[in-house]
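What follows is a short report on a single structure.
Please read these numbers as outputs of a predicted model, since none were measured by experiment.
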Amino acid sequence: MIEAPTPTQTLDAKGLLCPLPIINLARAIKKLSSQEILLLEATDPGAIPDVAAWSRTTGNLVLYQDRIGKVMRFWIQKS
């Protein structure tokens, strides 16, 4: 089993609806240095395709993702 990497920072977007998780993600990732990892926690089901599309567009890599109940978690490495 692959283990999730240790994040530099965690962003709590639980309870927020589209587009707020992605807007907050974009703001938070800008504050990190290259190669640092942000953990995004969200409950909006749209976060799954939104994070994937945002990652492709920005070049920031989704290293790992999982789901615990209604909470989707994404470990994203800044490019």
| said: Please give the remaining members of the hydrophobic cluster of Val51, linking ILVMFWY side chains under 4.5 Å, ordered by chain and number. | reply: Leu11, Ile22, Leu25, Ile29, Leu32, Leu38, Leu40, Ile48, Trp54, Val62, Met72, Phe74, Ile76
| said: Testing the basics here: between Ser55 and Leu61, what is the closest heavy-atom pair and its distance to 0.1 Å? | reply: OG-CA, 4.0 Å
| Is there a donor-acceptor contact under 3.5 Å from the side chain of Arg73 to the main chain of Trp75? | no
| request: Please round to the nearest 0.5 Å and tell me the distance separating atom CD of Glu41 and atom NZ of Lys14. | output: 4.0 Å
| query | Can you list every side chain to side chain donor-acceptor pair (under 3.5 Å) pair that touches residues 26-35, not counting sequence neighbours? | reply | Gln35-Gln77
| task | Considering non-hydrogen atoms only, spot the tightest contact between Pro7 and Thr10 and give its length. | result | CG-OG1, 4.2 Å
| task | Would you check if the side chain of Asp44 reaches a backbone N or O of Cys18 as a donor-acceptor pair within less than 3.5 Å? | result | yes
| request: Using atom types as modelled and distance alone, determine if a side-chain donor or acceptor of Thr43 lies under 3.5 Å from a backbone N or O of Gly15. | output: yes
| task | Begin from the C-alpha positions of Ile37 and Leu63 and carry the test side-chain contact (heavy atoms from CB on, under 4.5 Å) through to its verdict. | result | CA-CA 9 Å; Ile37 298 169; Leu63 299 173; 3.6 Å; yes
